[in-house]
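Note sheet for the following structure.
One-based numbering along the sequence shown.
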Amino acid sequence: MSRISRLPSSLIRTAACTGVAALALTACGSGSESGTASSGAGDVKVGLITKTDTNPFFVKMKEGAEKSAKAEGVELMTAAGKFDGDNAGQVTAIENMVAAGVKGILITPSDSKAIVPALEKAKAQGVLVIALDTPTEPESAVDALFATDNLKAGELIGEYAKAAMKGKDAKIATLDLAPGVSVGVQRHNGFLKGFGIKEGDPSVVCSQDTGGDQAKGQTAMENCLQKEPGINVVYTINEPAALGAYTALKAKGREKDVLIVSVDGGCTGTEAVKGGTIAATSQQYPLKMAADGVKAVVTYAKDGKKASGYTDTGVTLITDKAQDGVTSKDTAYGLENCWG
């Protein structure tokens, strides 16, 4: 029987209460561990560290890891940053997991560069380190990467938006993630490539960071509309940001004449595509990333074989308004494969 547990409460309370890392795991105070006794694959421990534990994408990732850990008979330890960008929290989680004896760590890095020294220390102590969803900079800082091709995800919605505009002049707003986060940079660059333009093209009339947050997405869209009321295409880093943008557009009576495209393929986002709020989204598969990651750690624990290189976990363009020359699937498929 597997064991799904948090990090030791004494370690977590120390990190959270000092404010050094503020892991989103347990409140300051008594705290407790969850789970049952472990048995199976030699008491192997696997660590999963996500950017947050509230974003549905990471909730599904954790679910995939839990199911895989149960099937493999190993113990799963989990941690998350207090917010997207909480590098200090992730560093402390790595240190605590290594101290607890994990055989491998699966991580979605909040800061692709700043996390590297902590990961390299873990690797030096014989821990298999696999990045999920977000690559490190450099990618060689981890043993392997299991992720969506985020450049391709952006490219798909860029191609879609270009085709859907049918030759009309575009005034584009890009609602991005945050500086220095590779997944955001790759999606942004992919969208530009798919649309057939380059950074600095005058058709991009506004760019704002949202942190992938719905409220910040709404504020960003409001700012962009103040700058250029004629915006007719909106690229968003993810679906929460897209829904925030839609709210801002609706308040201005513009929701029916602005094309919104996004990335993620969560169930809420896919429902928004079905309802016409979002025109198209690139769907990715977080459950598969985490499940495959756990299996890779188990393989390493059993025979010493390390996963290496990049494994593409897939991306599919989802829309009910297909465009000529752009491969896509409808929302019926999207809802069968969505997460959250």
- Task: Establish whether Val263 and Val234 are linked, either directly or via other cluster members, by ILVMFWY side-chain heavy-atom contacts under 4.5 Å.
- Result: no
- Task: Can you measure from CG (Leu177) to CG (Asp84) and round to the nearest 0.5 angstrom?
- Result: 5.5 Å
- For Val116 and Glu137 the tightest heavy-atom approach is CG2-O, 3.4 Å
- Once you round to the nearest 0.5 Å, how far does NZ of Lys252 lie from OG1 of Thr247? 14.0 Å
- Message: Hydrogens and angles aside, do Lys166 and Gln323 bring a side-chain donor and acceptor to less than 3.5 Å of each other?
- Response: yes
- Where is the tightest heavy-atom contact between Glu228 and Gly230, given as atom of each residue plus distance? OE2-N, 2.8 Å
- Query: Can you tell me if Thr281 uses its side chain to pair, donor with acceptor, with the backbone of Gln283 under 3.5 Å?
  - Reply: no
- Message: I need the Leu335 CG to Lys274 NZ distance, nearest 0.5 Å.
- Response: 6.0 Å
- Message: With clusters defined by side-chain heavy atoms of hydrophobic residues (ILVMFWY) lying less than 4.5 Å apart, directly or transitively, does Met77 cluster with Val129?
- Response: yes
- Task: Might you confirm whether atom NZ of Lys306 has over 12 heavy atoms from other residues, nucleotides or ligands at distances under 6.0 Å?
- Result: yes
- Would you kindly check if the NZ (Lys) or CZ (Arg) of Lys51 is within the cone defined by 45 degrees around the ring axis of Phe58 and under 6.0 Å from the six-membered ring centre? no
- Ignoring hydrogens and angles, state whether a donor on the side chain of Asp86 or Ser110 is under 3.5 Å from an acceptor on the partner side chain. no
- Option from Leu259, Ile197, Leu192 for which side-chain contact (heavy atoms from CB on, under 4.5 Å) with Ile172 holds: Ile197
- If we ignore angles and hydrogens, is there a donor and acceptor under 3.5 Å between the side chains of Glu222 and Gln218? yes
- Query: Distance only, no hydrogens: is a donor on one side chain within 3.5 Å (strictly under) of an acceptor on the other, for Tyr160 and Ser328?
  - Reply: no
- Item | Thr236 and Ser262 side chains, donor-acceptor separation under 3.5 Å | yes
- Query: Does Glu139 have any salt bridge (charged side-chain N to carboxylate O under 4.0 Å, His left out) partners at least two apart in sequence or in another chain, and if so, which?
  - Reply: none
- Message: Can a donor-acceptor pair be found, under 3.5 Å and without considering hydrogens, that links the side chain of Asp320 to the backbone of Lys329?
- Response: no
- Message: Rounded at 0.5 Å granularity, tell me how far OG in Ser68 sits from CG in Leu48.
- Response: 11.0 Å
- Asp303 atom CG: more than 12 heavy-atom contacts under 6.0 Å: yes
- Item | salt_bridge(Glu63, Lys67) N-O dist < 4.0 Å | yes
- Message: Can you confirm whether Lys193 is buried at NZ, in the sense that more than 12 heavy atoms of other residues, nucleotides or ligands lie under 6.0 Å from that atom?
- Response: no
- Item | Test ring pair (Phe, Tyr, Trp, His ring centres under 6.0 Å) applied to Phe191 - qualifying residues, sequence neighbours left out | Phe195, Tyr235
- Is there a donor-acceptor contact under 3.5 Å from the side chain of Thr311 to the main chain of Phe146? no
- Message: Regarding Ser207 and Thr174, do their side chains bring together a donor and an acceptor under 3.5 Å, going by distance alone?
- Response: yes
- Message: Would the distance check show the side chain of Arg254 and the main-chain N or O of Ile231 forming a donor-acceptor pair, the cut-off being under 3.5 Å?
- Response: yes
- Message: If I take atom NZ from residue Lys60 and atom CG from residue Leu287, how far apart are they, to the nearest 0.5 angstrom?
- Response: 5.5 Å
- Query: Is there a donor-acceptor contact under 3.5 Å linking the side chains of Thr313 and Gln284?
  - Reply: no
